[in-house]
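Please read the structure below before turning to the comments.
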Amino acid sequence: MRAVRLQKLEALKAAGMRPYDDRYERTHVLADARQVAADQESDDPESGRLVSVAGRVMMRRVFGKLVFVHLQDGSGRCQVVLDAGTMGDEAVQQFQDFVDLGDHVGFEGRTARTKKGEPSVWASGWTFLSKSLLPLPEKWSGLSDLEARQRERYLDLVSNPETRERFRLRSRFVKELRRYLDERGFEEVDTPILQTKVTGALAKPFVTHHNAMDMRCVLRIAPETWLKQCVAGGMDRVYEVARCFRNEGMSPAHLQDFTMVEWYAAYWNYQDNMDFTEGLLLHLVDVLLGKREIEVEGRTIDFDTPWPRIAMRDLILRDSGIDYAELETADDVRQAIRDKGIQLEAEGVDQMSRGNLIDQLYKKVSRPQLVNPTFVTDHPIDLSPLARMNDQDPTRVDRYQLVVNGWEIINAYSELVDPLDQRARFEQQVAARDAGDEETLPLDEDYLRCMEHGMPPMSGWGMGVERVVALLTGQDNLREVTLFPLLKPLDKSDEPAAAAPAAKEATTDEGETMSDEHRALLGSPADDVDALGITPERARELFDEHVKTPSLRRQMEQASVVMGAMARKLGTNEEAWRLLGLLHNLDFDEVKEPERHCLVTAEILGREGVHPAGIHAIAAHNDKGLVATGIRCVSVIDHAVSAAEAVVGLIHAACQVLPSKDVQDLKVKSVRKRFKNPKFAANVERDLIERCAGAGLELEAFLALAVEALQQEPVSEA
RNA sequence: GCCCGCUUAGCUCAGUCGGUAGAGCAUCGGAUUCUUAAUCCGCAGGUCCUAGGUUCGAGUCCUAGAGCGGGUACCA
């Protein structure tokens, strides 16, 4: 079909037309042209307006020398009629010969109505604007495959009007929200997305690397603390439409890249906040929908105010019969939940803190029941490190969440502005982190300093834009209101797996020293791993258990340091790379046969559930034993492990010939010289070091990086 | 993470018990000056997601993998 269209493209060029024009002067958008045609007194083109319109050809019906075309632009659709009598045989014939569904075409003509009364433009001439080479989706069903609709959203937008409407509503929603806030004295600001600390929420961040500053950065998970600093600076009311990123599980109600609106207003508390919020959202619902009831998943949601305000304690008491105010410890709460026969699905219930248990209980028994907008207020203090403590009850905070249809739409509080209390809360967070809680806030001295300079009382909130828009448009999946959600690439050519078969092929006639079982253990290469699948603590235990020789221990620790430096340089997962360095020779003390070296490590790490790419990287560094059977360096990590493990040998040897034997006195230049001298430390495999190229580092830069890393983080032989 | 499901023509979808892979729309050729998912006649169009396996024979059965979706867990 594409070939046919390419032929047409050539043909129309040969006929002197331009397949891709640069502009077209429109007098009317299609919806307006159609309206003009509908409103005119006579059906007759003679009495119609002379107009020019443009759009995509969506449908065509041919009656010999009479052609009906449905044209679509951003405003809608309008029919265009071409007839030989008005336009001439040749122009109609050329249109027939050259134009396909999907092409963009401009028409001049007069507004009119057909004999059947359809408002139309009676064309007197047409202009080619853009040739399409690929066909549109089926005209009646449109594009329905969800994956295709996300990968090729433009086709979804062209062929499914309801999709177009949904995104139009999202756009209007944000515009109207801005207008509402602007009119009430809020200033819109922009705060950093790229930052050095995780602040403002409890979530795992995306980690990246700043090359010029050579430092770890994270993408923001919330703009909260920046906005409060704006208020401290005298911007009494601020807001931001903030793209935020959270590196957490995906679900219909969670995106990793999403839009949150936050605002803060000085001198308000959370009660003021609720009043304001009710007015704001009701206004948006009225303006955007023109009605206050909507249907989602067969349920009716009624936005009519006032919305109930229920304290979390009362809510849970109502729904489960448990009054957590009477339960002082986590164990008491756990017991009460068990006594009521309530089953919490969450993992780690046995270790959960009191606050977390209450939160889980709420999510289980109460939140799903909340269909109409409801303010859930007065949360336990330990889940709200940035919220103001309640004056009467120090175990809870002045906070609310707005829940609609079981979704948390808004999270708000009277902000904590007491620097001493804030510091204590941060310290609790740090303690929780030390106790193993992964999602805690780090102590933020910059923010505390701002607070110590004085912050006015204030209240504000964060609202998930996608969630609200999904609600208003009756969608149950946030991807339906995200134009281009993240999808895995389909193009297999750029995946590392494509390179692996080549390595396999090259070795078919070589010795088979490895069993299939072993081969299976060795994993598959990948440029990076999100998580190695082993904790640092466990890696250290394995290290202590298997590696006894002091020099080997030193060598592995140094390799770990170098791997860490490489990861920072390359912007990859530093922790995983460090662990690979630490574990790469795990079996060296225990395995005597060189060809079995790494296989035992692979077995051990396989049992520990280590990421296959990591096992592959370690296995690939024993080129003496395993290269014959096909395990060789393919990915970035593979090359990095080899280069790191070899370079520490060279550096150690170079240190030994220094008078002080101290790495601090080692010069990069001398390491470079030693490298070039094959007689120096002859058993250090230079070709392994050169694998740094495969990790994207030039030799000289890599040597410097390794030396500096070991100087900054010396490893003693103990 | 774990569990379940889906993947067939450009699009929307059938495909029986394991026995020559189908329809509609779109495309291509033909008829048609008032259609509204036009109609009528005809042609063409396939990596049945990928790789293995079982079988005389696999879209169909088995194994592994990929993409997507759903559920569940995690998630201010």
Side-chain angles (χ1 to χ4, degrees), chain A residues 1-5 7-8 43 58-70 77 79 81-86 92 100-102 112-120 122 132-152 155 159 198-204 221-224 244 246-256 258 260 262 344-348 356 359-360 363 379 383-387 399 401 408 410-413 438-439 441 461-464 476-477 479 485 487-492 495 497 501 520 524 530-531 533 609:
Chain A
M1 195 172 291
R2 186 166 180 273
V4 170
R5 293 197 174 194
Q7 278 172 17
K8 288 187 187 178
D43 288 350
M58 296 302 289
M59 214 178 276
R60 181 179 49 183
R61 283 182 282 272
V62 182
F63 273 79
K65 295 287 188 288
L66 180 68
V67 181
F68 300 94
V69 170
H70 283 190
R77 288 191 182 194
Q79 176 167 278
V81 181
L82 292 77
D83 81 307
T86 309
V92 174
D100 287 301
L101 298 190
R113 286 187 298 270
T114 63
K115 285 179 189 167
K116 297 284 170 65
E118 177 74 22
S120 305
W122 221 272
S132 66
L133 300 180
L134 294 172
L136 288 174
E138 211 263 343
K139 64 183 174 189
W140 189 240
S141 319
L143 195 63
S144 66
D145 180 76
L146 185 55
E147 179 179 356
R149 286 181 42 229
Q150 292 178 157
R151 285 195 195 276
E152 298 183 279
L155 290 179
S159 61
V198 176
T199 69
L202 307 178
K204 289 175 205 132
I221 57 174
E224 177 160 343
C244 297
R246 297 185 183 180
N247 207 346
E248 303 191 323
M250 34 203 313
S251 82
H254 295 87
L255 297 166
Q256 280 61 62
F258 65 103
M260 184 151 69
E262 289 203 6
L344 296 184
E345 286 93 359
E347 288 166 14
N356 263 320
D359 191 47
Q360 287 297 329
K363 285 175 181 169
H379 295 65
L383 293 178
S384 320
L386 301 171
R399 171 179 178 183
Q401 290 176 327
E408 286 153 14
I410 285 173
N411 181 38
Y413 17 88
E438 279 189 38
E439 296 194 345
L441 281 180
W461 56 229
M463 175 178 75
D476 52 14
N477 190 327
R479 290 169 166 247
L487 292 166
K488 290 198 181 182
L490 286 182
D491 186 2
K492 296 195 166 59
E495 285 180 26
S524 51
D530 301 332

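Letters A, B, ... mirror the listed sequences (proteins, then strands); counts begin at 1.
Across A38(B), C75(B), C34(B), the shortest atom-to-atom separation from the side chain of E248(A) is found for C75(B). Listed nucleotides C28(B), C11(B), C74(B) differ in distance to E138(A); the shortest reach to its side chain belongs to C11(B). Listed nucleotides U27(B), U32(B), C34(B) differ in distance to V62(A); the shortest reach to its side chain belongs to U32(B). Of the candidate nucleotides G67(B), C11(B), U33(B), U33(B) has the atom nearest to the side chain of D83(A). Picking from G69(B), U36(B), C34(B) the nucleotide with the shortest atom distance to the side chain of N477(A) gives G69(B). In the set U36(B), U33(B), A26(B), U33(B) carries the atom at the smallest distance from any side-chain atom of K65(A). Of the candidates C74(B), U27(B), U33(B), the closest approach to any side-chain atom of S251(A) belongs to C74(B). Of the candidates C74(B), U12(B), U36(B), U36(B) carries the atom nearest the Q79(A) side chain, counting heavy atoms from C-beta on. Out of G10(B), C11(B), C68(B), the shortest distance to the side chain of P135(A) is found at G10(B). Here the nucleotide nearest the side chain of A84(A), chosen from U27(B), G69(B), U33(B), is U33(B).
Residue W122(A) is classed as a base contact, given a heavy-atom separation below 4.0 Å to a base. Counting any heavy atom pair closer than 4.0 Å across all strands shown, R149(A) reaches no nucleic acid atom. Heavy atoms of R479(A) sit under 4.0 angstrom from primed sugar atoms or phosphate atoms, though from no base atom. Heavy atoms of I221(A) sit nowhere under 4.0 angstrom from any nucleic acid atom. As judged by a 4.0 angstrom heavy-atom cut-off over every strand, G64(A) is placed among the base-contacting residues. Across all strands shown, L134(A) has no heavy atoms under 4.0 Å from either base or sugar-phosphate atoms. Within 4.0 Å (heavy atoms only), G142(A) reaches sugar-phosphate atoms of the nucleic acid but no base atom. Within the nucleic acid shown, S144(A) comes within 4.0 Å of sugar-phosphate atoms alone, with no base atom in reach, counting heavy atoms only. Within 4.0 Å of M59(A), counting heavy atoms only, lie sugar-phosphate atoms of the nucleic acid but no base atom. Counting any heavy atom pair closer than 4.0 Å across all strands shown, E147(A) reaches sugar-phosphate atoms only and no base atom.
Nucleotide G1(B): paired with U72(B) (Watson-Crick or G-U wobble, both distances less than 3.5 Å). Here A64(B) sits opposite U50(B) as a Watson-Crick or G-U wobble pair (both hydrogen-bonding atom distances under 3.5 Å). The partner of G10(B) is C25(B), by the rule that a Watson-Crick or G-U pair needs both atom distances under 3.5 Å. G19(B) and C56(B) make up a base pair, with Watson-Crick or G-U wobble contacts both under 3.5 Å. With both pairing distances under 3.5 Å, C34(B) is matched to nothing as a Watson-Crick or G-U wobble pair.
Nucleotides C4(B) and U16(B) have their C1' atoms positioned 25 Å apart, rounded to a whole Å. To the nearest whole angstrom, the two P atoms, one in G65(B) and one in G18(B), are 25 Å apart. For U55(B) and A23(B), the P atoms lie 34 Å apart once the distance is rounded to whole Å. Using P as the reference atom, A14(B) and G29(B) are 31 Å apart when rounded to the nearest Å. Taking atom C1' in both G46(B) and G1(B), one finds a spacing of 38 Å when rounded to whole Å. With C1' as the reference atom, C41(B) and U32(B) are 12 Å apart, rounded to whole Å.
Interatomic distance, Q79(A) CD to M58(A) CE, rounded to the nearest 0.5 Å: 14.5 Å. Separation of atoms CG (L66(A)) and OG1 (T86(A)) is listed at 9.0 Å; rounding is to 0.5 Å.
Put simply, CZ on R2(A) is 18 Å from C1' on A9(B), counting in whole angstrom units. Rounded to an integer number of Å, the gap from F68(A) CZ to U32(B) C1' is 12 Å. Atom CE in M58(A) sits roughly 19 Å away from atom P in G10(B) (whole-Å rounding). The distance from atom NE2 of H254(A) to atom C1' of C74(B) is 9 Å, rounded to the nearest whole Å. Atom CG of L143(A) is separated from atom P of C11(B) by 8 Å (rounded to the nearest Å). We find that NE2 of H70(A) is positioned 12 Å from C1' of C34(B), with the value rounded to whole Å. Distance CG (L101(A)) to C1' (U12(B)): 16 Å, rounded to an integer number of Å. Atoms NZ (K204(A)) and P (C74(B)) sit 11 Å apart, rounded to a whole Å.
Residue Q360(A) places at least one side-chain N or O closer than 4.0 Å to OP1 or OP2 of C75(B). Between K488(A) and G65(B) there is no side-chain polar atom (N or O) within less than 4.0 angstrom of OP1 or OP2. Remark: K139(A) is not in phosphate contact with G24(B), judged by side-chain N or O atoms under 4.0 Å from OP1 or OP2. The side chain of S141(A) places no N or O atom within less than 4.0 Å of a non-bridging phosphate oxygen (OP1 or OP2) of C11(B). Here R61(A) does not reach the OP1 or OP2 of C40(B): none of its side-chain N or O atoms lies under 4.0 Å away.
Within the 3.5 Å criterion, the main-chain N or O of K204(A) finds a donor-acceptor partner in the side chain of E248(A).
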